[in-house]
Amino acid sequence: GTAAAAAAAAAALVGGARGASECVTFREMFGSGEGICNQYWGEAFRYVPRTLDSGAANPEYDLAYTMWFFEKENPNLEVSRLRIAANLTNHGLNNVEECHLDYLHHDTVKSGQGLT
């Protein structure tokens, strides 16, 4: 998958620059959260800054999903609503109450299968 390919590429990058067995931090490998977002997951994610280089608010920011949040309610639900209203959804998906992700999801838990 994309994450496995990115991990292999990151390992090759680190291995080539340092030694195959030397550990490095994410900051050393990617430079910043922006670097992680734009490099590690390929084209699956793109970093969207809160402000533009001019200092003005970035109009894309309110339409960008977040990977981590600390609020009680998931802010991505509102982002989905905004994206639907702006006709920015993929594949005709327009119901935020229904999960459309199949990646790592299971319909049922099989006997002996851990929840991951």
Side-chain angles (χ1 to χ4, degrees):
T2 302
L13 175 76
V14 173
R18 298 173 183 267
S21 63
E22 187 174 337
C23 293
V24 297
T25 65
F26 276 106
R27 183 169 301 283
E28 290 173 303
M29 190 179 304
F30 298 106
S32 65
E34 179 178 357
I36 291 171
C37 190
N38 291 342
Q39 296 170 38
Y40 189 78
W41 285 285
E43 294 182 15
F45 296 99
R46 180 176 57 93
Y47 177 81
V48 176
R50 191 179 299 262
T51 58
L52 301 172
D53 291 340
S54 66
N58 185 344
E60 288 187 283
Y61 185 79
D62 289 335
L63 297 172
Y65 291 103
T66 185
M67 295 179 69
W68 293 282
F69 56 90
F70 302 98
E71 298 87 0
K72 186 173 182 176
E73 184 175 327
N74 183 343
N76 292 324
L77 293 174
E78 182 59 24
V79 171
S80 291
R81 289 181 185 100
L82 290 170
R83 293 182 69 82
I84 289 167
N87 201 27
L88 295 173
T89 61
N90 295 327
H91 313 293
L93 305 177
N94 58 10
N95 180 357
V96 298
E97 304 304 323
E98 182 181 344
C99 180
H100 296 282
L101 295 176
D102 290 324
Y103 182 68
L104 295 179
H105 283 233
H106 301 282
D107 291 334
T108 59
V109 177
K110 296 177 182 126
S111 177
Q113 180 182 23
L115 297 175
T116 57

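- Minimum interatomic distance between Pro75 and Thr66 (heavy atoms only, all atoms of both residues): CG-CG2, 3.6 Å.
- Closest heavy-atom contact between Asn58 and Glu60: OD1-N, 2.9 Å.
- Tyr40 and Met29 fall within a single hydrophobic cluster, where Ile, Leu, Val, Met, Phe, Trp and Tyr side chains are chained together by heavy-atom contacts under 4.5 Å.
- Looking at Pro59 and Leu52, their side chains come closer than 4.5 Å, going by heavy atoms from C-beta outward.
- Around atom CD of Glu71, more than 12 heavy atoms belonging to other residues, nucleotides or ligands sit under 6.0 Å away.
- Heavy atoms from other residues, nucleotides or ligands lying under 6.0 Å from OH of Tyr65 number more than 12.
- For the residue pair Tyr61 and Thr51, no side-chain donor N or O sits within less than 3.5 Å of a side-chain acceptor on the partner.
- Expressed to the nearest 0.5 Å, how far CG of Leu82 lies from CG of Asn76 amounts to 11.0 Å.
- Residue Ser32 holds its OG atom at 8.0 Å from CD of Gln39, rounded to the nearest 0.5 Å.
- Phe30 and Val24 fall within the same hydrophobic cluster, where Ile, Leu, Val, Met, Phe, Trp and Tyr residues are linked whenever their side-chain heavy atoms come under 4.5 Å apart, directly or through other members.
- How far CD of Glu34 is from CZ of Arg46: 10.5 Å, rounded to the nearest 0.5 Å.
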